[in-house]
Visitor: 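Sending over a structure as C-alpha cells; questions will come in a sec.
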Amino acid sequence: MSSPATILLYDTQAVSPMRKCLEGSDRIVIHVSNTSMAVHAASTMVLALLVLDYSIPKEDLQKICQIARVASPAIRLMMTAAKVQEPMVRKTMDLLGLPGCFASKPLVPINIRKQTNELLEAWRRDSSTSAGVKRETPKQLQAMATRRLDEESAPSNGLRGPDPNLYELQDVLGSGGTGTVFKARDRFLDMEVAIKLINPELIKGEDVLRAFKDEARITMQLSHRFILRLYSFNVYNGCYYVVMEQVNGRSLRSLLGEYGSFSAMMVCRVLVQCASALEYAHSHNIIHKDIKPENIFLTDAGELKIIDWGSATLNNAASEEGGYIIGTPEYMSPAQKRGDIVGPGADQYALGILTYLMLTGYFPYPPGTTAEQLLGDIRPSFTALQPDLAAVLARATAPTEDEQYPTITEFIRAFLHVLDADWIFNAASEPISVEAGQVLT
C-alpha cells in the first residue's frame with residue numbers, strides 16, 4: 001500500500017468546513033492558519049495537494065506556491081473562490097505554474113471530494129517521474145510570478161463584477177433573488193467593504209434602473225446605528241453593484257438555524273432595535289419591503305444591523321416592469337402580494353411574522369403550505385402563543401394598514417407591555433445576547 005498523501009490546507013478559520021471535505025483514509029490533512037506556517041510546511045514537507053483561498057494576498061500566494069513547487073515538483077493546487085471570480089482564479093493559477101482545479105464557493109462536499117480524488121490520482125501518477133526534472137530557481141519563479149500577477153490585476157473586459165482596479169472580491173457573504181453579496185477590499189481606501197452584485201435579469205428596463213438609482217440616492221443619506229450603510233451604486237462592464245459597510249457577525253437566519261428559537265427577552269431587544277431603525281427610515285419616506293431574518297444581522301458586538309435596503313425599490317419596480325413579484329412570500333403583506341404601492345405597514349407586517357418565527361422557530365402557517373398558497377389569501381395564525389401575545393401579532397399582520405398599529409413603535413410597545421418588559425424600550429443601545437427560548441403558551 002502506498003504511503004498517505006499529504007494535503008496542506010491554508011484556512012484562517014479555526015474549524016474549517018473544507019477540512020472535512022478533504023479528509024480520507026489515504027491522506028493526511030495539515031491545516032494551517034497563517035502564511036508563515038504555510039511557508040514552513042511547504043518548505044519542509046513533500047506535499048501532494050495545496051489548498052488555498054483566492055482571498056489570500058497575492059504576494060503570499062506566490063511565495064507559498066513557488067516554495068511548494070520547488071520542494072514538491074508533482075504537487076497539485078486547489079483554489080477556492082466564488083463562482084463569479086473563476087476567470088481571475090484560473091488566470092492566477094496559470095501564472096503560479098501549478099496544475100490543479102478551481103473549487104467554487106459555497107462548497108459542495110461531494111464535488112470537493114471528487115476533485116480531491118482526481119488531483120491525488122494525478123499526483124501519484126506524476127510523483128514517481130518528477131525527480132530530475134529541471135526547474136526554475138526560487139528567484140526565477142519569484143520574478144515570473146510577480147510579473148504575471150501584476151498583469152492579472154489589469155481590468156478584464158469579460159469580468160462580471162466591479163472594476164478590479166478599485167475593488168478586490170473575496171468571500172461570498174450571501175446570495176438571494178436580487179444578487180450575491182461579497183466581502184471585498186476597497187483598494188484605494190485600503191478598507192473592507194461588502195459588495196452586492198445585482199442580478200442582471202432584474203435591470204432590463206430604464207424605468208427599473210431609474211427607480212433603483214433614486215432609491216440608492218436616498219438610502220445613501222440614511223445614517224443610523226442599526227442600519228447598514230450604503231456607500232455607492234455603480235456599474236462596470238454592464239454589471240451593476242452596490243458598495244456597503246462591512247460588519248462581522250451572523251444573520252438571524254443563521255442563528256435561528258443553530259438555536260431553533262430565541263428567548264422572549266432576546267426577541268424584545270431585537271424588536272426594539274428594529275423599531276428604532278425602521279421608524280427612522282419611515283420618517284425619511286423609505287420602506288424596506290423585505291424584512292426577514294436573512295436581512296437582519298447581529299454583529300459580534302451584539303448590535304443589530306438591518307441590511308439590503310437597496311432591494312426595496314428594485315423589487316417594486318421590477319414587479320411593475322415584468323409583471324411579477326420579487327420577495328419572500330412568508331413575510332409579504334396582502335397589499336405587497338398584489339403588487340400594490342405599500343407604506344410602513346408592509347414592514348410592520350413582516351416584523352410581526354418574524355416575531356412569531358423568532359419565538360417559536362416556525363412560521364404561523366399550516367405545515368406543507370406552498371408558495372402559491374402564501375401568495376393567495378392565506379392568513380397567519382398565532383394560536384401557539386398565549387392569547388394576549390397572539391392578539392398583538394394578529395393586529396400587526398392585519399390585512400390593511402388601517403387595521404394595523406399606527407406605527408411600528410406602537411406595535412413593539414404593545415408587545416413589550418404584554419411581557420412586562422416596557423423598560424427594554426429605553427435600553428435599545430444595550431448589546432443583544434443570543435439566547436435560545438421556548439414557546440410562550
Side-chain angles (χ1 to χ4, degrees), residues 1-81 86 89-105 107 109 111-146 148-149 152:
M1 182 176 178
S2 60
S3 59
T6 303
I7 300 174
L8 178 60
L9 167 64
Y10 180 178
D11 191 337
T12 57
Q13 298 184 64
V15 179
S16 172
M18 173 61 88
R19 178 165 188 161
K20 293 185 68 66
C21 300
L22 296 171
E23 289 176 340
S25 59
D26 61 340
R27 64 204 67 165
I28 299 171
V29 180
I30 307 297
H31 177 197
V32 299
S33 57
N34 59 58
T35 299
S36 61
M37 292 172 65
V39 167
H40 176 74
S43 62
T44 57
M45 298 178 179
V46 176
L47 301 175
L49 177 61
L50 183 60
V51 183
L52 304 172
D53 191 86
Y54 188 64
S55 63
I56 298 171
K58 291 176 183 176
E59 58 272 20
D60 292 345
L61 283 176
Q62 68 180 33
K63 181 187 299 183
I64 297 167
C65 288
Q66 76 172 38
I67 291 173
R69 182 178 173 184
V70 171
S72 307
I75 192 171
R76 260 52 183 182
L77 171 66
M78 179 186 290
M79 288 197 71
T80 61
E86 183 173 0
V89 175
R90 292 194 178 279
K91 187 174 181 180
T92 299
M93 292 177 69
D94 289 342
L95 302 178
L96 292 172
L98 295 181
C101 70
F102 167 78
S104 177
K105 289 183 176 181
L107 302 175
N111 291 344
I112 299 298
R113 294 189 184 102
K114 180 176 182 295
Q115 290 175 301
T116 302
N117 289 337
E118 292 173 349
L119 291 173
L120 292 182
E121 286 177 11
W123 170 77
R124 289 191 175 96
R125 183 180 64 247
D126 296 348
S127 59
S128 61
T129 60
S130 62
V133 175
K134 184 179 179 180
R135 304 186 297 268
E136 294 89 342
T137 65
K139 186 174 182 180
Q140 290 170 326
L141 287 169
Q142 173 78 30
M144 180 179 67
T146 301
R148 291 182 177 176
L149 286 171
E152 186 272 337

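In this text, all values refer to a predicted model and were calculated from it rather than measured experimentally.
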Visitor: If I compare all heavy atoms of P17 with all of C21, which pair ends up nearest, and what's the gap?
Guide: O-SG, 3.6 Å
Visitor: Rounded to the nearest 0.5 Å, what's the gap from CZ on R76 to SG on C101? Could you check?
Guide: 10.5 Å
Visitor: Work out which heavy atom in A42 is nearest to a heavy atom in L8; give both atom names and the distance.
Guide: N-CD2, 4.1 Å
Visitor: Calculate, to the nearest 0.5 Å, the distance between atoms OG1 and CG belonging to T80 and D53 respectively.
Guide: 3.5 Å
Visitor: Using side-chain contact (heavy atoms from CB on, under 4.5 Å) as the criterion, point out the one residue from L47, V46, I75 that pairs with T6.
Guide: L47
Visitor: Just wondering, do I7 and T116 contact through their side chains at under 4.5 Å, heavy atoms?
Guide: yes
Visitor: Please round to the nearest 0.5 Å and tell me the distance separating atom CD1 of I30 and atom CG of L50.
Guide: 12.5 Å
Visitor: Quick check: do L49 and R27 have side-chain heavy atoms less than 4.5 Å from each other?
Guide: no
Visitor: Quick one: does M45's side chain get under 4.5 Å of I28's, heavy atoms only?
Guide: no
Visitor: Step by step, would you call D11 with R19 a side chain to side chain contact (heavy atoms under 4.5 Å, CB included)?
Guide: CA-CA 9 Å; D11 191 337; R19 178 165 188 161; over 6 Å; no
Visitor: Could you give the distance from CG (L98) to CD (Q66), rounded to the nearest 0.5 Å?
Guide: 10.5 Å
Visitor: Mark yes or no for whether Q115, through its side chain, and F102, through its backbone, hold a donor-acceptor pair below 3.5 Å.
Guide: yes
Visitor: Can you tell me how far the NZ atom of K63 sits from the OG atom of S36, to the nearest 0.5 Å?
Guide: 9.0 Å
Visitor: Is the closest side-chain heavy-atom distance between P99 and D126 below 4.5 Å?
Guide: no
Visitor: Write down the atom of L9, the atom of M18, and the distance for their closest heavy-atom approach.
Guide: CD1-CG, 3.7 Å
Visitor: Is the shortest heavy-atom distance from the side chain of L96 to the side chain of Q62 under 4.5 Å?
Guide: yes
Visitor: For a quick test of reading the model, state the closest non-hydrogen atom pair linking M78 to I112 and the distance between them.
Guide: CE-O, 4.3 Å
Visitor: Considering only heavy atoms from C-beta outward, does the side chain of Y10 approach that of T35 to under 4.5 Å?
Guide: yes
Visitor: What closest approach, in Å, do T92 and Y54 show between heavy atoms, and which atom pair accounts for it?
Guide: OG1-CE1, 3.5 Å
Visitor: Between K114 and E118, does a salt bridge (charged side-chain N to carboxylate O under 4.0 Å, His left out) hold up when you go through it step by step?
Guide: CA-CA 6 Å; K114 180 176 182 295; E118 292 173 349; 2.7 Å; yes
Visitor: Calculate, to the nearest 0.5 Å, the distance between atoms CZ and NZ belonging to R113 and K20 respectively.
Guide: 8.0 Å
Visitor: Is there a side-chain contact between H40 and V32, using heavy atoms and a 4.5 Å cut-off?
Guide: no
